[in-house]
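All remarks here apply to the structure that follows.
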Amino acid sequence: MSDNTYAKPMLKEGSLDGKVILITGGGTGLGKAMGRYFAELGADLVIASRKLDVLEKTAGELENSTGKKVLPVQCDITNFSDVENLQHVSIEKFGKVDSVVNNAAGNFISPTERLSHRAFDIIVNIVLKGSYYTTLAFGKHWIANKQKASLLNIVTTYSWTGSGYVVPSAVAKAGVLSLTRSLAVEWAKYGIRSNAIAPGLFPTKGAWERLLPGELKDKFKPEKKVPLQRSGEHQELANLAAYLVSDFSSFINGEVVTIDGGEWLKGAGQFNMLEAVPAEMWDSIEQAIRNVKGS
Ligand code: HXC
Ligand code: NAP
């Protein structure tokens, strides 16, 4: 673990005691990092995705390191009967689920005109359909059982800006953001909160191999696009996620929290290219502007 404060666990011990949290895509990458921290804070977990062997390995690791229960469930979230089964086995095992983290996703870079309609479908089905399937299955259960709960959706900063070369992912994540905000209002009366996190660069095998394959990572040096000049640490994201599923954030509803070191705003601000101007040039630039009188 890094010595930096931002990469250290943030919440006090026991902050998630008694909670049961489901994380889709919880066997790998950011889902695994969030799950580890939730369990360290006292939560039992359900982790769900397509690859049971990966889930079982992660579940074993997390159970050993935290002493909490971790239920691995094979589930393709694009298939509603899998999702219904996920909901049934989770309740059977733990009696309740307090939070659903919609984290599972699929993505790859491609010029849009090279995509077949099936390539488009596969991404939208995982990201958008998968997220509303789990939301619907668990939401119906919570409402029928009058259980307070929370949804946490992992989106991206291009959910609102859009982005070329990842168009299926961008349209699907935009839908998930809309789902987050829509249900924040509609389901608040049932005590169900709905929030999102938009991470920037958080190196994971799953994302990096599909979005920056081969030499692209060295060619583009993605950290250079980030005003804070670094990528995020998994614990930083886990800290934020733990807060948003905890009762400490009980009044936060309908929010999307960006954690990207300022990356998307750098691309948005019209004059942000002036970052490239060396400090010593600013005296002469200022003089040139002041010399423009009355024009
Ligand atoms: C064009 C492609 C393609 C590519 C697949 N297809 N790869 N088209 N370019 N690189 C097409 C196929 O030809 C096929 O269409 C259709 O997509 C489905 O292909 P499959 O073979 O069924 O899919 P497969 O390639 O096995 O799997 C794709 C996937 C897989 C499901 C997306 O990569 C996956 O399981 N991903 C899960 C993990 C993941 O993606 N993690 C990253 C999340 S990162 P045809 O017409 O030929 O049948 C993320 C970060 C966002 O979201 C922001 C970061 C900053
Ligand atoms: P990852 O490790 O590839 O995670 C994706 C997970 O989704 C995998 O565990 C995968 O497991 C699961 N999944 C894919 N299709 C599924 C399906 N049909 N049913 C069930 N599970 C499925 O990538 P990651 O980087 O940790 O990404 C996690 C989340 O963060 C995603 O929502 C991503 O968009 C978001 N994000 C990441 C970054 C970043 O920099 N890493 C930036 C912005 C947003 P199986 O293969 O076993 O199904």
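In listed order, ligands and their atoms are each counted from 1. Just so it is clear, the structure is predicted and the values come from calculations on it, not from any experiment.
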Protein residue, atom and distance nearest to atom 52 (O) of ligand 1, heavy-atom basis: Asn107 ND2, 3.4 Å
Taking 4.0 angstrom as the limit and counting only heavy atoms of [X], give me the atoms of ligand 2 inside it, by number and element.
X      : answer
Lys173 : 31 (C), 32 (O), 33 (C), 34 (O)
Gly29  : 2 (O), 26 (O)
Thr156 : 43 (C), 44 (C)
Ala104 : 7 (O), 12 (C), 13 (N), 21 (N), 22 (C)
Ile126 : 15 (N), 16 (C), 18 (N)
Leu30  : 26 (O), 30 (O), 37 (C), 41 (N)
Ala207 : 25 (O), 41 (N)

Purely on distance, is any nitrogen or oxygen of [X] under 3.5 Å from one on ligand 2?
X      : result
Thr78  : no
Gly200 : yes
Ala105 : yes

Contacting atoms of ligand 1, where contact means under 4.0 angstrom from a heavy atom of [X]:
X      : value
Ser116 : 15 (O), 45 (P), 46 (O)
Ile122 : 18 (C), 22 (O), 23 (O), 31 (C)
Ile123 : 32 (C)
Tyr158 : 51 (C), 53 (C)

Heavy-atom gap Phe202 to ligand 1 smaller than 4.0 Å: no
Contact partition for Val127 relative to ligand 2, non-hydrogen atoms under 4.0 Å: neither
Per-residue contact class, Thr204 against ligand 2 - non-hydrogen pairs under 4.0 Å: side chain
Tyr6 six-ring face occupied by Arg230 cation (under 6.0 Å, within 45°): yes
